[in-house]
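Below, chains carry the letters A, B, ... as their sequence lines are ordered, and counting in each starts from 1. Being a predicted model, the structure only gives us computed values, none of them experimental.
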There are 2 protein chains.
Amino acid sequence: MRASDKAYAALRDDIIEWRLLPGTVLAEVEQSERLGISRTPLREALSRLTAEGLTTAAGGRGVVVTDISLEDIDELFELRETLEGRAAALAAERGDPATFDALRRELLEAPELIGGQDPALHDYYCLVGRLDAAIDAAISNAYLVQAMRSLRVHLVRVRRLAADDAARLTAAAAEHAAIAEAIAAGNPRLAEAATTLHLHRSLSHVKATHIPH
Amino acid sequence: MRASDKAYAALRDDIIEWRLLPGTVLAEVEQSERLGISRTPLREALSRLTAEGLTTAAGGRGVVVTDISLEDIDELFELRETLEGRAAALAAERGDPATFDALRRELLEAPELIGGQDPALHDYYCLVGRLDAAIDAAISNAYLVQAMRSLRVHLVRVRRLAADDAARLTAAAAEHAAIAEAIAAGNPRLAEAATTLHLHRSLSHVKATHIPH
DNA sequence: ACAAGGGGTTTTGTATACACAAGGACGCGG
DNA sequence: CCGCGTCCTTGTGTATACAAAACCCCTTGT
């Protein structure tokens, strides 16, 4: 693996996991020494982070980790609703019903995973990830997929803020199952509606648990 | 201006204006010598181009200019309809009616510009650009605006393919005026519908004039 | 006392040199 | 004549050295 990729992944994880808090300045020499690489690959990593919006270039003073305010979360979910709603509708039109029906059945059994400890929770997150991947594959639109990908980076960062209690996760699993069911049924409007419902519930939960700043 | 910015702008223009055709390999030393800069800033420029999707890293053999097929154009407009439709609806909800009413009046007078020569045509394109900018400002959603921005780069590239005849431009001006009118009226659904109509007409025109490959 | 300008320090931007990996061509052997 | 191996070329990936620019602070003048 290239050194620049390693630096990018490390910094990206540090930012997403809130080990590098918003406002932190990332000086090039400092970070390159911390990660044990040279400035050149580190600069490429910082460029990629800035392109994604995780950092912003503060002229002459290095790059700083971007902040996420409550208004940002609202805007984020507004775009997310637009993109994922359309994605669900397109998946309902073009996807393979059998695939999503299988996912629906798995999601209905998910509450058992949620009750368990950490490894089971990881399995649940993988299951949700597989639903996202199935939707991505079904819509067969590279541009739409990429737009959603660039969103997910920020969403993971927001998700870390919310306390993922078992009650919310159980409800979310049911909502995901409803989305999968609508897609399997080939009903675009229903799929979009189910997605809208799920996202509004998620947003409410995030805003309710994390009252800050 | 930084050398990397200059290189980025030059390469971006070369690709958008089809002076660098799809499939062209951009070797680092070759391009750095052509632009009169060193490899380091050129690499940053290539990274930004690749992040935007204008080029793709062809493992170990430099980066190549990405191709745009007819399927790509379909996918591009599918995403565009999703984003700009939502943007128009949000602008209708949140925008200042007076701003868009003024734009509507200007757009109705646009056919006079279209008949003229090149400088008048440039004025027309500026007018359409101002409508886009007004929508961007009205929706006040940085994430949605950025998603549309990353789309517009590819759209400009496609637009260069289509022969912009006067008849189509006149019709497009009327469609734009309809969008502005719907936003000024504060009617989100109408604004979205007008946008959908305009984009479908644009797509049809592009596909009709440019039958390839 | 406050503001404006200048110098020092720090940090980024650029250039170049080197290492490594991949691809192709040439030559050798079967 | 064909196939395979090795060498050479070419290109990217990384490190480091140098230059320019921005910021901070100190000084000085009003």
Rounded to the nearest angstrom, tell me the gap between atom [atom1] in [X] and atom [atom2] in [N].
{"X": "B:D5", "N": "C:dT12", "atom1": "CG", "atom2": "P", "answer": "16 Å"}
{"X": "A:R43", "N": "C:dT11", "atom1": "CZ", "atom2": "P", "answer": "14 Å"}
{"X": "A:E44", "N": "D:dT12", "atom1": "CD", "atom2": "P", "answer": "13 Å"}
{"X": "A:Q31", "N": "C:dT12", "atom1": "CD", "atom2": "C1'", "answer": "15 Å"}
{"X": "B:L46", "N": "D:dG13", "atom1": "CG", "atom2": "C1'", "answer": "14 Å"}
{"X": "A:E30", "N": "C:dT12", "atom1": "CD", "atom2": "C1'", "answer": "14 Å"}
{"X": "B:M1", "N": "D:dA21", "atom1": "CE", "atom2": "P", "answer": "15 Å"}
{"X": "A:E33", "N": "C:dT11", "atom1": "CD", "atom2": "P", "answer": "11 Å"}

Picking from C:dT12, C:dA15, D:dA15, the nucleotide nearest the side-chain atoms of A:S38 would be D:dA15

Among C:dT12, D:dT12, C:dG23, the one nearest any side-chain atom of B:R61 is C:dG23

Of A:R2 and A:R39, the one whose closest nucleotide on DNA chain D sits nearer the 5' end is A:R2

Exercise for the section: Check whether the side chain of B:T40 and the base of C:dT16 form a donor-acceptor pair under 3.5 Å. Expected result: yes

Q: Would you mind checking if A:D5 and A:R12 are paired as a salt bridge, meaning a charged N to carboxylate O distance below 4.0 Å?
A: no

Could B:D13 and B:R19 be called an ion pair, given the rule that one side-chain N must be under 4.0 Å from one carboxylate O? no

| query | Would you find more than 12 non-hydrogen atoms of other residues, nucleotides or ligands less than 6.0 Å from A:E78 atom CD? | reply | yes

Note: for A:L26 and B:G36 on DNA chain C, the residue whose nearest nucleotide lies more 5' is A:L26

Margin query: As a quick check of understanding, evaluate ring pair (Phe, Tyr, Trp, His ring centres under 6.0 Å) for A:H154 and B:Y143, giving each step before the final call.
Written below: CA-CA 10 Å; A:H154 297 273; B:Y143 295 95; 5.5 Å; yes

